Amino acid sequence: MEYNHRTVEQKWQKYWQKEQIFKTQEENTKPKYYVLDMFPYPSGAGLHVGHPLGYIASDIVARYKRQKGFNVLHPMGYDAYGLPAEQYAIQTGQHPAITTEQNIQRYRKQLDLLGLSYDWSREVRTCNPDYYKWTQWTFVQLFNSFYCYDANKALPIADLISAFEAGAAKDLNVACGKKMDFSDEDWKKFTPKEKSDILMNYRLAYLSDTVVNWCPALGTVLANDEIINGVSVRGGYPVERKSMKQWSLRITAYAERLLEGLNRIDWTESIKEIQRNWIGKSKGATLFFPLENGSKLEIFTTRADTLFGVTFMVVCPEHNIIKDITTEEHRLEVEKYVQWAKNRSERERLAEVKTVTGVFTGSYAVHPLNGERIPIWVADYVLAGYGSGAIMAVPAHDSRDFAFARRFNLPVKQVVVPTDEQEEDTSLWQESKDSREGTIVNSDLISGLQVKDAIDSIIKYIEDKKIGYGTVNYRLRDAIFSRQRYWGEPFPVYYENDIPKIINELPLLLPPIETYLPTETGEPPLARAKNWNYKGFPYDHNTMPGFAGSNAYYLRYEDPHNENYLVSKEANQYWQNVDLYIGGSEHATGHLLYSRFITKFLFDLGQCCKDEPFAKLINQGMIQGRSNFVYRIKGENKFVSFNLKSNYQTDALHVDINLVENDILNIEAFKNWREEFKYAEFILEDGKYICGWEVEKMSKSLYNVQNPDMLVERYGADTLRLYEMFLGPLEQSKPWDTQGIEGVSRFIRKLWRLYHRDGEFSVSEQLPSKAEFTALHKAIKKVEEDIEKFSFNTSVSTFMVCVNELTELKCNKREILEPLSILISAFAPHIAEELWCLLGHSTSITYADFPKYDSTYLEQTVFNYPVSINGKTRAFIELDLHLSQSDVEKIVLADAMVQKFIDNRMVKRFIFVPKRIINIVV
RNA sequence: GCAUCUGUGGCGGAAUUGGUAGACGCGCCAGACUCAAAAUCUGGUGAGCUUUAAACUCGUGCCGGUUCGAUUCCGGCCAGAUGUACCA
């Protein structure tokens, strides 16, 4: 009987579900292992073959670790809040919860087909009230906390109030929006509203007027990581800058810890580097340049060493000093420029990076060290959001300042001579010399120093003179946390006399509304909710952004039904953090950063015992589509086969890959595909129509989406699982190619036949031969090593080699086939379970012990020992060696062997070079 | 521009981490079974030279270095992928 994947796979999926084989409980006798997939957003399109890649990999690890004696937590859930469901709701009026539910059902069905060993009893959905209760709760904790740099952790806001009551406001070393200074007396006199506003300056979740990224097309605000090149990631709509009252999270308070934590986690260098750049730490100095009107201009620089090269200063168009310093004769021009810069969209700004614009204010600053007059300009190449929005321009050593100086004929003064160069006439320069290695010149007290020493020494000098101080600056901005949408978590906040107050009875449910659009007055959709208020006070009408629900979801899986805590201490003590996290790299600056931030915050609160959420991260590569093309002769309804197309003028048309097999077009199916092709003619080669192909993104519009359901139906889940792993290294992007799946399918049938004779199940109780043992133990050793290294592709090859060898040996011995079944069960669980059952076991293979390899069977009778003769030619001496012998033993044996050569006068002498090599001089 | 990663047959990719490069699979070629096809099985398959075989030579993006020995380590280029960018 040939292997029938349909009946076998169904049978075992039902069995696993009925017997709750994958249900996990805390078990203190076993070590824990937590392996997690990034939970998916259930979109309407369902899964394509790219999605399961990571799920299969994590499932292999989960199954392997169970057999290695670990208690494995392997849960799954849905990131169910999101824009597509809401937009669908706007179009159809259907509640997003309904669409979401349907999509989840479909996802679940597709996931079940793959035989993944999730513990579904722990499923979470971010849109369920008993889940988002904890998303809201986390927000409340952030609201009620501030960050103290002395304690280097978040503390209750009550501590801060006590400090204010004690008059310590100005001495606090805490994270805040702006430095404040008031006495205990002042604090007592403040109105409740004033107190509330002051505390907002310190809370980790705070309300403020912020310049935000407003996307008119989406009718909402977006976070920095939701925008690329001035347009929204979702939809590609233009984004404007606009000032609005918004909730933000003070992630900047954690900048240093987020940076430091990267050194303690096992993630790829590239993701860590992306996060480091995003946080963007730079050490430099804050300097105060006195102005001629008596006030001071604050600037930030990382190149304090070039202080003597300053020839002008630039402030950003938003800078509030502009109105005070602009002279009458320049006022009109400056105002015009500021207005122009303000109206320019983010996209225009980015598009015109190369064009230099700016105007002179008419005012001058005084150089704090040499007293020179320095003109102050306004230009939009200086950004409001970074540093103080003002710079000292050193055109000789900064390319942007250089471009500006050339454009407006400002002087360029060299103060650094790069290593291996001479001082030059700057008027001849084509570009600035930005190098940070070189010698300082023309700089009074620091001339002659190297750049690095000059920075240290000048900072020390300005600190002594009290004209500035060394500072650290981060590029990271606070995360804007409000969205003007419906389908998200409501803020547990109401407003009493314009003072935001927290609701402690959670969850605050998302109210039903009739239409999902913003109101006519531009209020968010939640403003439409009827009778939705807290004792007559209005609720906040914003909802939380997409990433809110995913920050701490991994903790909720540890204790998903706890009504009193996000996660109980006991459950968290046991499961701790995620040992292995698998998902795409597109979340590098979003989810993966926010989740680390919130984890650190919850750690400060004592809610979890680890301050990093994901100990090891693997980013699975994208599976690209392999598109097929047909070639239509221009102006005719005639198609020419791929290798003949050069004889004609043709257009390449995408053709649905489901109409093509091994690049051969199914002509009948093609004719029926679309009305216009019904009477098409074909020019064939060898009686076939051959299609062209190309690797592209997998997308519906390119007709190259490979649906896993069809492949499961045809080849079975085990084959698909093995094939997805066999495709190549997990972390690499690769094109989907259905052709190769045949090879894996053959392997599955071969494996089945190994346990059968003449169609009947048949195993022998005889003792296996040495060769049979060797084939098995080689595979055990290799597969174990491969899984530990996450190179699943080579494991599949190993299985194939092993089964080929055993087939050749006609091996059907129980002692070989039993461990082989276990070995293969992580990759192909259904067939393994069936064979396990046929072998007479009544319990699931899931909890069988992973076989141990025995090195005595890995013996090699002939060991090729490399030898260099006269330091040139390489030869090999065949030695009778054993792999389990140490290098020292091998060398001793080799030594004896070579001695024979000497005795036979074949060589004069020999020398041992490093551990394995023998150098012979003839 | 900057950062990270990757360059091996017709294709996807292996290589005990410095030791016989090309495992395994696809594709292709030949053969067996068959009236025939499908399925299945067996053998071959980096390039060059040679009538064939053996043997030999060349071969891991390019140039150089370290080494008895380099796909692997180091330096410099070239190409591609991804991320990011007026961040002072």
Side-chain angles (χ1 to χ4, degrees), chain A residues 2 228-229 268-278 280-282 284-285 299-304 306 314 316 349-350 352-356 379-383 385-394 397-401 403-404 434 473-477 585-586 588-589 619 621-622 624 662-663 693 722-723 726-729 731-744 746-747 749-750 753 781-782 785 791 793-802 804 807 858 864-876 883 911 913-921:
Chain A
E2 272 291 292
I228 291 178
N229 294 328
T268 61
E269 206 41 51
S270 95
I271 293 273
K272 290 205 233 181
E273 204 54 38
I274 289 170
Q275 291 210 346
R276 282 190 197 109
N277 291 339
W278 192 260
K281 180 179 183 173
S282 49
I299 62 106
F300 172 76
T301 181
T302 56
R303 293 296 301 270
T306 61
V314 185
C316 65
R349 278 186 43 140
L350 288 169
E352 295 164 22
V353 165
K354 296 282 178 310
T355 8
V356 189
D380 72 349
Y381 82 89
V382 173
L383 304 177
Y386 185 77
S388 59
I391 61 154
M392 61 175 211
V394 185
H397 306 295
D398 183 284
S399 53
R400 294 152 306 181
D401 296 344
F404 196 82
D434 296 5
N473 223 315
Y474 297 94
R475 201 183 77 104
L476 185 70
R477 307 290 156 78
S585 57
E586 66 272 20
T589 53
N619 302 112
M622 279 231 293
Q624 295 140 308
N662 292 352
D663 289 334
W693 60 274
L722 282 163
Y723 185 55
F726 186 61
L727 226 40
E731 308 196 52
Q732 213 164 286
S733 286
K734 55 229 158 192
W736 177 260
D737 173 11
T738 305
Q739 284 184 42
I741 203 170
E742 290 288 349
V744 178
R746 263 192 279 271
F747 160 75
R749 295 194 297 257
K750 224 170 181 174
R753 257 179 269 131
K781 182 166 191 275
K782 187 74 168 55
E785 283 169 3
S791 18
N793 53 331
T794 50
S795 313
V796 180
S797 300
T798 306
F799 293 139
M800 291 178 173
V801 173
C802 179
N804 283 346
T807 303
L858 302 176
N864 290 328
Y865 221 82
V867 174
S868 290
I869 298 170
N870 280 349
K872 281 279 177 214
T873 318
R874 189 168 59 200
F876 289 86
L883 267 191
I911 315 145
V913 201
K915 26 175 206 186
R916 295 181 63 179
I917 167 75
I918 307 153
N919 200 9
I920 300 176
V921 180

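For clarity, every value in this text was computed on a predicted model and none was experimentally measured. Residue numbering restarts at 1 for every chain, and letters A, B, ... go by the order of the sequence lines.
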**Prompt:** Can you check the Lys272(A) NZ to rU84(B) C1' distance for me, whole Å?
**Reply:** 19 Å

**Complete:** To the nearest angstrom, the NZ-C1' distance between Lys750(A) and rG25(B) comes to 11 Å

**Request:** Measure from CZ on Arg746(A) to C1' on rG27(B) and round the result to the nearest Å.
**Result:** 11 Å

**Item:** Counter-base of rU82(B), judged by Watson-Crick or G-U geometry with both distances under 3.5 Å
**Value:** rA3(B)

**Asked** If anything within 90° of 0 is syn and all else is anti, what is rU4(B)?
**Response** anti

**Asked** Between Gly740(A) and Tyr386(A), which has a closest nucleotide on RNA chain B that is more 5'?
**Response** Gly740(A)

Polar atom pairs (N or O), protein with nucleotides 3-12 of chain B, under 3.5 Å:
unit_1	atom_1	unit_2	atom_2	d
rG12(B)	O2'	Leu727(A)	O	2.4

**Asked** Does rU60(B) have a Watson-Crick or wobble partner in any strand here, with both distances under 3.5 angstrom, and which is it?
**Response** none

**Request:** Could you work out which one of rG25(B), rA88(B), rA14(B) sits closest to the side chain of Thr794(A)?
**Result:** rA14(B)

**Prompt:** Considering every strand shown, what is the Watson-Crick or G-U wobble mate of rU40(B) when both distances are under 3.5 Å?
**Reply:** rA32(B)

**Message:** Rounding to an integer number of angstrom, what distance separates rG46(B) and rC35(B) when you compare their C1' atoms?
**Reply:** 40 Å

**P-based separation of rU16(B) from rC68(B) [nearest Å]** = 22 Å

**Complete:** Rounded to whole Å, CG of Leu383(A) lies from P of rA85(B) at a distance of 12 Å

**Prompt:** Partner of rU45(B) by Watson-Crick or G-U wobble geometry, both contacts under 3.5 Å, or none?
**Reply:** rG27(B)

**Prompt:** Of the nucleotides rC86(B), rA85(B), rA88(B), which has the atom closest to the Arg475(A) side chain?
**Reply:** rA85(B)

**Fill in**
To the nearest angstrom, the CG-C1' distance between Leu476(A) and rA85(B) comes to 16 Å

**Pair Glu742(A)-Arg746(A), salt bridge (charged side-chain N to carboxylate O under 4.0 Å, His left out): steps then yes or no** = CA-CA 6 Å; Glu742(A) 290 288 349; Arg746(A) 263 192 279 271; 5.0 Å; no

**Request:** Could you check if the base of rG48(B) is syn or anti? Syn means the glycosidic torsion is within 90 degrees of 0.
**Result:** anti

**Message:** Using atom P in both nucleotides, what's the gap between rU82(B) and rG10(B) to the nearest angstrom?
**Reply:** 25 Å

**Prompt:** Would you say a side-chain N or O of Asn619(A) is under 4.0 Å from OP1 or OP2 of rU82(B)?
**Reply:** no

**Message:** Could you tell me how far apart Phe747(A) (CZ) and rC24(B) (P) are, to the nearest whole angstrom?
**Reply:** 14 Å

**Request:** Classify the nucleic acid contact of Asn793(A) as base, sugar-phosphate or nothing, counting any heavy atom under 4.0 Å across all strands shown.
**Result:** sugar-phosphate

**Prompt:** Roughly how many Å is it from CZ in Arg753(A) to C1' in rC41(B), rounded to a whole number?
**Reply:** 9 Å

**Request:** Dump the intermediate steps for salt bridge (charged side-chain N to carboxylate O under 4.0 Å, His left out) on Glu273(A) and Arg276(A), then the final yes or no.
**Result:** CA-CA 5 Å; Glu273(A) 204 54 38; Arg276(A) 282 190 197 109; 3.1 Å; yes

**Prompt:** Using purine N1 to pyrimidine N3 plus N6-O4 or O6-N4 for Watson-Crick, or N1-O2 and O6-N3 for G-U wobble, each under 3.5 Å, what pairs with rG9(B)?
**Reply:** none

**Prompt:** In whole Å, what is the span from the CZ atom of Arg276(A) to the P atom of rU84(B)?
**Reply:** 17 Å

**Prompt:** Watson-Crick or G-U wobble partner for rU50(B), using a 3.5 Å limit on both distances?
**Reply:** none

**Request:** Scan every strand shown for a Watson-Crick or G-U wobble partner of rA55(B), both distances under 3.5 Å, and answer none if you come up empty.
**Result:** none

**Message:** With rounding to the closest Å, how many angstrom separate the P atoms on rG9(B) and rA23(B)?
**Reply:** 13 Å

**Fill in**
Of Val796(A) and Tyr474(A), the one whose closest nucleotide on RNA chain B sits nearer the 5' end is Val796(A)

**Fill in**
Using Watson-Crick geometry (N1-N3 plus N6-O4 or O6-N4) or G-U wobble (N1-O2, O6-N3), each under 3.5 Å, rG18(B) is paired with none

**Request:** Ignoring backbone atoms, test whether Tyr723(A) places a side-chain nitrogen or oxygen under 4.0 Å from the OP1 or OP2 oxygen of rG25(B).
**Result:** no

**Nearest-Å distance once atom C1' is located in both rG7(B) and rA14(B)** = 16 Å

**Prompt:** Relative to each other, are the rings of Tyr723(A) and Trp736(A) parallel, tilted or perpendicular (30° and 60° limits)?
**Reply:** perpendicular

**Request:** Give one of base, sugar-phosphate or nothing for Asp401(A), where a contact means two heavy atoms less than 4.0 Å apart.
**Result:** nothing

